[in-house]
Amino acid sequence: MRSGSLQMKQESSRSPSYTVECEDFVHVVEFNPFDSGIAESLIAYGGNNYVVIGRCSFQEEDAEVDGIQYNKLRTFHHGIRVDAIAWSPETRLDALPPLLRFCTAAADRKLRLFTSDLQAKNEYKMMDGHSNYINDLVFAPKGGQEIASVSDDHTCRIWDLEGNVRACFVLRSPGMSVGWHPEDAFKLMVAEKNGTIRFYDLVTHQAILSLTTGQAPLMSAHWCLKNTFRVGAVAGNDWLIWDISRSSYPLDKRPVHADRAKLFRWSMVNENLFATTGFPGKMNSQLLIHHLGHPQPILIGSGAVGSGLTWHRTLSICAMGGDHRIFFWVTEM
């Protein structure tokens, strides 16, 4: 039985479907989760000094394309390592003038809000307030007028676009992930390293629900936008899934990464599909794609040192960064 399962794993391990060359080590990569008014997808990646915005289309959506078509739109000098990137729903490339807006978290513990018209106007605003590393950030999906960020300083902060802190939640351990409910503008999910995931009401500033992994460290959690009763996380070596309409205890959990799990991301198009990554280290295959109906990962992505993890908005394609590259895997589900 043992050798059989190893055999199955061996066969399903595969190299990326597509690769894009980059001019820097890619620490973080994010597809735009919002409709920007163009047929192609926008993708952002952050390196040691730069944020690059590109547009890409795939043969899975456009028969004219051979594999992947990628065009770099603009490089923004960042001057410091990029740790996280969030897209604003205000980004529209079909407007006149076009509006490109995103926010980064950097190694100097500051947020930078970038606004560009892809012509002469390229500005950024610094947001200062966290006293330790910022692990995740997200725009309010309705209107994009606020940003939430979580940090090793045991806080979750809500900022307006001028850089003012509108709310601050004190956490019991480092904040690792933050998510905003896609329809309900007043519900926020905050995941802490100690294994607690809390949902806050932004009107009363009270926690309305909490989940626990029962194990630490929780490194990443993600709210499923296709089914907002579902929450997923990785803690220790395991992935865990909750159905919050049924219980605050995990619906399912499974060990997946022998060297500890790092990131968890739901697919944008299938509520049963998700990806996890392990810590960059000795193991070459760090990306696993799972389907809730299958006991084993349905795809083991083999790529050199990887970081960041993101899903395409309308296709079952996920991407991971690496050394001067972005890797893309197509999932047939």
*Quick one: list whatever passes side chain to side chain contact (heavy atoms under 4.5 Å, CB included) with S220, sequence neighbours left out.*
S177, V234, L263, F264, R265

*Is any side-chain heavy atom of Y124 less than 4.5 Å from a side-chain heavy atom of F76?*
no

*Are the aromatic ring centres of Y18 and Y70 under 6.0 angstrom apart?*
no

*Check each of L273, V269, N270 against W311 using the side chain to side chain contact (heavy atoms under 4.5 Å, CB included) test, and report the only one that passes.*
L273

*asked:* I want to check a possible cation-pi pair here: R101 against F114, using under 6.0 Å from ring centre and within 45° of the ring axis as the test.
replied: no

*Nearest heavy-atom pair of L42 and L93: which atoms, and what distance?*
CD2-CD1, 3.7 Å

_Quick check: closest heavy atoms across T196 and S210, and the distance to 0.1 Å?_
CG2-CB, 4.5 Å

_To the nearest 0.5 Å, what is the distance between CE on M268 and OG1 on T310?_
8.0 Å

*Are H27 and F25 near enough that their ring centres are under 6.0 Å apart?*
yes

*Does H77 have its ring centroid less than 6.0 Å away from the ring centroid of Y50?*
yes

*Are the ring centres of F58 and F328 closer than 6.0 Å?*
yes

*Quick one: closest heavy-atom pair of D238 and A261, and the distance?*
O-CB, 4.4 Å

*Taking 4.0 angstrom as the limit, do R166 and E146 come out as a salt bridge?*
no

